[in-house]
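The next block holds one structure in the form of structure tokens; read it before the comments.
Each chain gets a letter, A, B and so on, in the order its sequence line appears, and its residues count up from 1.
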2 protein chains.
Amino acid sequence: MAMTENRPQTRIQREKREVILEAALDVFSSHGFRGATIDQIADAAGMSKPNLLYYFKTKEAIFETLIHGLLDMWLDPLKAMNEDGDAIVELRSYIRRKIEMARDFPRESRLFANEILQGAPRIVAMLEGELKPLVDEKAKVLKSWMRAGKLKQADPYHLIFAIWATTQHYADFDIQVRTVLGPDRGGDGRFEDAARFLEQLFLAGLQPG
Amino acid sequence: MAMTENRPQTRIQREKREVILEAALDVFSSHGFRGATIDQIADAAGMSKPNLLYYFKTKEAIFETLIHGLLDMWLDPLKAMNEDGDAIVELRSYIRRKIEMARDFPRESRLFANEILQGAPRIVAMLEGELKPLVDEKAKVLKSWMRAGKLKQADPYHLIFAIWATTQHYADFDIQVRTVLGPDRGGDGRFEDAARFLEQLFLAGLQPG
DNA sequence: CATATTTTTGACCGGTTGGACAAATCGTAG
DNA sequence: CTACGATTTGTCCAACCGGTCAAAAATATG
């Protein structure tokens, strides 16, 4: 039977699709959607272009499957921010998790960055349907912490933006960061330094009293 | 006489080149180098493709001229940070200036962001030759302020990264910001709100004592 | 007006790209 | 071993893209 849309059935189909998505992550994240070619992805996946197109009908289908599969993972740190926990502890955990994601999953970060930078033509629905509701919910949590005196008063939306921006910066602008830091300070330790700095910045800036 | 490389001579030549660069900024900033086409730029500039290529020999030449012409403007806020001024005042001015640039020149921000995101293949030399020395110099200034007790001790490089990230975020990720804020809070006022939040964050986080 | 120079255009070219397709190969159940 | 569906490949195509070129049109100069 031919591929029934998005429902890979055999083990081999699931595996091959996985290989393709891994290759596509590599290529899309470093060249953007337009800059990536099916040939590049096929090469990286170790198969011919027509073979790849047997598993995904179009370039857009690859991209869509990829980014949809990544969304949950990407939103996970924010989802994990727990209203019942201690505000400062939760905030610190969130920042640390985001920095770790920038370190361990820079391709995923760049994939989203590339797309949003170009106007998010392929993921607007995702932003409106999943991201915005989640941020609205967590903004309320932050607000309640502030009202309870656990955090200094501040705009919770812009606080979340600031955490996104500062942490993802180390993945998205990696070349710039490493160039500016130079060979000595631009090594693996840069994420430790960044984590230390950001925790100090946000916690000192938000600790009440 | 034919175009002598980068020296436009007649008034009309200077004007047409300016029109082209303005159109190119539009197209490059919203599609990236690879995603932009000469036809799009020519359309936006109101001329035919061969006509455009009469003024700039190649697509890369347009890009290079454009980004080189923008660099000084882009680095200006950081250059303006004055060692002899008051640390807190200087820092606040820097943040405000960067937010204003994100508001008034989002295309320029996205142009650089697009390029750096994809590994900065066309501007590595600029980063090493102009950006890094400038940041090194200003990091020393920040460090001296910290030693003098005007600012809390913190890594000056990561401080600069944090200011870049948080301010440019409002230009580079504009669609996401507006989507998350929604129609009511995502209007023109968002830059005011952002400025207020960021000043509070950085100044509270760095004020000594 | 005549001529020389600059500017603009239409037609074209070679290479790339996303994708179609039929034929070949492979794997497996009977 | 055979037959059938799943997988893979070579070939091809139309659209697009960066860039060339010669000729036409506009403009400047005497």
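- Residue B:Tyr54 has no polar side-chain atom (N or O) positioned under 4.0 Å from OP1 or OP2 of D:dT20.
- Atoms CD (B:Glu60) and P (D:dC17) sit 17 Å apart, rounded to a whole Å.
- Look at CZ on A:Arg17: it is 11 Å from P on D:dT7, rounded to the nearest Å.
- Among the heavy atoms of the strands lying under 4.0 Å from B:Lys49 is at least one base atom, whether or not backbone atoms are also near.
- Between A:Gln13 atom CD and C:dC26 atom C1' the separation is 14 Å, expressed in whole Å.
- Residues B:Arg196 and A:Asp155 are not paired through a salt bridge, judged by the lack of any N-O separation under 4.0 Å between the basic side chain and the carboxylate.
- Distances shown here put a side-chain N or O of B:Ser48 below 4.0 Å from the OP1 or OP2 atom of C:dT9.
- Regarding B:Lys16, its NZ atom lies at a distance of 10 Å from the P atom of D:dT27, rounded to whole Å.
- Exactly one residue among A:Val135, A:Leu134, A:Leu70 makes a side chain to side chain contact (heavy atoms under 4.5 Å, CB included) with A:Leu75. That residue is A:Leu134.
- Atom-to-atom, CZ of B:Phe56 to P of C:dT8 comes out at 13 Å; the value is rounded to the nearest Å.
- No contact: A:Ala61 has no heavy atom under 4.0 Å from any strand.
- Rounded to an integer number of Å, the gap from CG of A:Leu52 to P of C:dG19 is 11 Å.
- Per the geometry, CD1 belonging to B:Ile38 stands 12 Å off C1' belonging to D:dT20, to the nearest Å.
- Between A:Arg97 and A:Asp104 there is no salt bridge, since no side-chain N of the basic residue sits under 4.0 Å from a carboxylate O of the acidic one.
- Residue B:Leu53 is in base contact, counting any heavy-atom pair closer than 4.0 Å across all strands shown.
- Map B:Lys59 and B:Pro50 each onto its nearest nucleotide of DNA chain D; the residue landing nearer the 5' end is B:Lys59.
- Between B:Arg34 and D:dG18, a side-chain N or O to OP1/OP2 separation shorter than 4.0 Å is absent.
- One interatomic measurement links the two molecules: CD of A:Glu15 to P of C:dG27, which rounds to 14 Å at whole-angstrom precision.
- Of the charged side-chain nitrogens involved, none lies within less than 4.0 Å of a carboxylate oxygen, so that B:Lys79 and B:Asp76 do not count as a salt-bridged pair.
- Taking a cutoff of 4.0 Å between a charged side-chain nitrogen and a carboxylate oxygen, B:Asp136 and B:Lys140 do not qualify as a salt bridge.
- Between A:Asn51 and D:dT9 there is a side-chain N or O to OP1 or OP2 distance below 4.0 Å.
- Within the 4.0 angstrom heavy-atom criterion, no nucleotide atom of any strand lies near B:Ala42.
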